[in-house]
Amino acid sequence: MKAPPFAYRLAEDLPQALDLYARSAGDAVYLAGGHSIVPSLSLRLQAPALLIDISRIAALAGVSLGPEGLRIGATTPHAVLLEDPLVATHAPLLAEAARHVAHPAIRNRATFGGNLVLADPASEFPAVVRALRAELEVEGPEGARQIAAEDFFLDLYTTALQPGEILRAVLIPPPAPGQLVAFAELARRQGDFAMVGAAVRLVPKAGVIGTADIVFHSVGLTPMRAVAAEAALIGQALDAATIAAACAAVAQDLQPGDDPVLPAATRLHLAGVLLGRLLRRVQGEWA
Amino acid sequence: MKQALELQVNGEAVALMVEPRQTLADVLRDSLRLTGTHLGCEMGVCGACLVLLDGKPVHGCLTLAVQAQGCAVTTVEGLDASGEIADLQAEFHARNALQCGYCTPGMLMTAQALLKRGAVPDRAEIREALSGNFCRCTGYEAIVDAIAATAAKRGAA
Ligand SMILES: Cc1cc2nc3c(=O)[nH]c(=O)nc-3n(C[C@H](O)[C@H](O)[C@H](O)COP(=O)(O)OP(=O)(O)OC[C@H]3O[C@@H](n4cnc5c(N)ncnc54)[C@H](O)[C@@H]3O)c2cc1C
Ligand code: FES
Ligand code: FES
């Protein structure tokens with residue numbers, strides 16, 4: 001099917017984008033890579049009067065390193081996350097996850113910011129930014145504000161962004177000393193949306209696990225923090241018994257629903273299996 | 001309302017009026033009559049619509065034509081005319097790596113982008129690169145063969 005008619009404006013800078021939105025009576029959508037909007041327009045799931053193209057705004061582009069961490073502009077395409085040396089060094093978890101996001105050509109245009117704002121529960125990046133405790137920099141009609149990734153994903157395809165607000169960049173804090181990370185997912189085919197996936201971040205402290213972040217995707221309405229599994233790790237040595245306890249605790253954290261392709265019990269089982277693999281991988285790197 | 005669009009297509013400057021709702025694939029096919037770019041699913045899944053946008057493969061069905069303002073687009077016609085994929089085309093032909101041919105332009109785009117990276121890809125890498133390209137006829141084996149053979153020859157050259 002073809003999209004219904006709409007108007008299109010290319011925004012030169014952030015003030016212009018915000019202004020175009022302000023004058024749209026709420027009937028406008030920001031356009032980044034378009035890889036979710038365009039199919040959704042074609043399927044006529046959406047019919048805004050105006051698309052405001054933010055993909056060429058310089059303030060939304062680029063990857064840079066500063067004292068606060070790695071700053072990744074919202075319009076950074078997935079392919080750059082895969083290839084950028086700064087990302088590889090300072091946020092390897094993102095680069096690892098990017099391999100699993102869609103297919104090569106999609107990654108050339110779909111943007112990091114568009115992916116996070118879309119907040120598809122099967123998306124890899126929302127789980128990763130939550131596990132890395134990233135901060136999201138937002139510009140809006142009321143000015144700039146910062147939202148912790150922890151507080152950003154509210155519900156299915158729903159974020160803390162207010163109408164008209166633009167995600168400007170994502171700030172990944174510098175890794176804690178000794179921090180170990182791992183990402184993996186189970187999918188039927190490379191690049192397909194995962195049956196289950198997870199991002200893990202552990203910080204050792206005096207020989208035991210000091211901090212644990214475990215965030216699953218594709219098993220709930222948002223990226224899901226596995227609080228009970230984290231609690232099973234904190235203060236413990238990373239040994240087989242601790243890993244088994246964390247995997248068992250996943251059942252308290254996740255309540256996936258049945259769906260036509262995968263029964264809930266299978267998905268939950270796979271989540272435990274996946275967490276076991278990730279923790280054993282981290283165990284191998286544990287000093 | 002139609003908007004002015006200027007871009008380069010297969011090396012030639014093109015200026016035309018397009019509706020914002022027209023995708024790049026629509027404009028290439030319907031306005032410029034470059035029908036080598038195919039449309040299958042129109043949602044980014046099958047890869048029949050791949051074109052090069054400033055040298056990188058992108059989906060013509062997911063890119064609005066107006067977003068290509070000022071960009072250089074290369075379609076399969078352009079790749080063919082330049083001769084840069086003649087060896088790849090010959091391998092596809094020799095191995096029957098196409099039957100109906102609907103997927104072939106997209107396969108060639110993906111293959112050429114992969115091969116231009118330089119290193120000789122192994123079969124697993126070729127398959128991974130093709131994960132966004134559907135073929136409903138060949139069963140992929142011959143396509144992977146053709147790309148692997150081209151890679152080996154270019155690597156030896
Ligand atoms: C075939 C296919 C397979 C895919 N597979 C995967 C996959 O395996 N895993 C995965 O995670 N994703 C997958 N995706 C989705 C893709 O990775 C992107 O997440 C998606 O296309 C959104 O990014 P975009 O830049 O294209 O956003 P757009 O489509 O341009 O925008 C998406 C939404 O975000 C809003 N938006 C965009 N940028 C901003 C911003 N900076 N500030 C405020 N609002 C903004 C838009 O208004 C819109 O509502 C797939 C997509 C396709 C087409
Ligand atoms: S038509 Fe574009 S991917 Fe199928
Ligand atoms: S040859 Fe027919 S779809 Fe590939």
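All figures in this text were calculated on a predicted structure; none of them were measured in a lab. The basis for the numbers below is simple: all heavy atoms, side chains too, and nothing from hydrogens, waters or symmetry mates.
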Asker: Is a donor on one side and an acceptor on the other found under 3.5 Å between the side chain of B:Arg21 and the backbone of A:Phe6?
Answerer: no
Asker: Would you say the side-chain atoms of A:Arg56 pair up with the backbone N or O of B:Gln67, donor to acceptor, closer than 3.5 Å?
Answerer: yes
Asker: Of all the residues in residues 125-150 of chain B, which have a heavy atom that comes within less than 4.5 Å of a heavy atom in chain A?
Answerer: B:Glu128, B:Ala129, B:Ser131, B:Gly132, B:Phe134
Asker: Hey, what do you get for NE2 (B:His59) to NE2 (A:His103), rounding to the nearest 0.5 Å?
Answerer: 7.5 Å
Asker: Is it the side chain or the backbone of A:Ser55 that comes within 4.5 Å of chain B heavy atoms, both, or neither?
Answerer: side chain
Asker: Heavy-atom pairs under 4.5 Å with chain B - which of A:Pro39, A:Gly33, A:Ala105, A:Ser36 has more of them than the others?
Answerer: A:Ala105
Asker: Of all of B:Val45, B:Asp26, B:Thr110, which one pairs up most often with chain A through heavy atoms under 4.5 Å apart?
Answerer: B:Asp26
Asker: Please report the C-alpha distance between A:Glu83 and B:Lys56 in whole Å, then the side-chain angles of each, then the deciding distance to 0.1 Å, and finally whether the salt bridge (charged side-chain N to carboxylate O under 4.0 Å, His left out) criterion is met.
Answerer: CA-CA 14 Å; A:Glu83 288 157 11; B:Lys56 293 188 183 134; over 6 Å; no
Asker: Which answer fits A:Pro5, side chain, backbone, both or neither, if we ask what part of it has an atom under 4.5 Å from a heavy atom of chain B?
Answerer: both
Asker: Using a 4.5 angstrom heavy-atom cutoff, name the option from A:Leu43, A:Leu51, A:Leu31 with the most pairs to chain B.
Answerer: A:Leu31
Asker: Are there over 12 heavy-atom neighbours, none belonging to B:Met17, within less than 6.0 Å of that residue's CE?
Answerer: yes
Asker: Would you say CD of B:Glu12 has more than 12 non-hydrogen atoms from neighbouring residues, nucleotides or ligands within 6.0 angstrom?
Answerer: no
Asker: Which region of B:Cys41, side chain (C-beta onward) or backbone (N, CA, C, O), has a non-hydrogen atom less than 4.5 Å from a non-hydrogen atom of chain A, or is it both or neither?
Answerer: neither
Asker: Just do the side-chain contact (heavy atoms from CB on, under 4.5 Å) check on A:Val38 and B:Leu64 with the steps written out, would you?
Answerer: CA-CA 8 Å; A:Val38 174; B:Leu64 295 176; 4.0 Å; yes
Asker: Taking side chain as everything from C-beta outward and backbone as N, CA, C, O, which of these in B:Leu52 sits under 4.5 Å from a heavy atom of chain A? Side chain, backbone, both or neither.
Answerer: neither
Asker: At under 4.5 Å between heavy atoms, what parts of residues 106-115 of chain A are in contact with chain B? List them by residue number.
Answerer: A:Ile106, A:Asn108, A:Arg109
Asker: Determine, step by step, whether B:Glu42 and A:Lys2 satisfy the side-chain contact (heavy atoms from CB on, under 4.5 Å) criterion, reporting the C-alpha distance in whole Å, the side-chain angles of both residues, the deciding distance to 0.1 Å, and the verdict.
Answerer: CA-CA 9 Å; B:Glu42 298 193 64; A:Lys2 302 291 181 187; 2.9 Å; yes
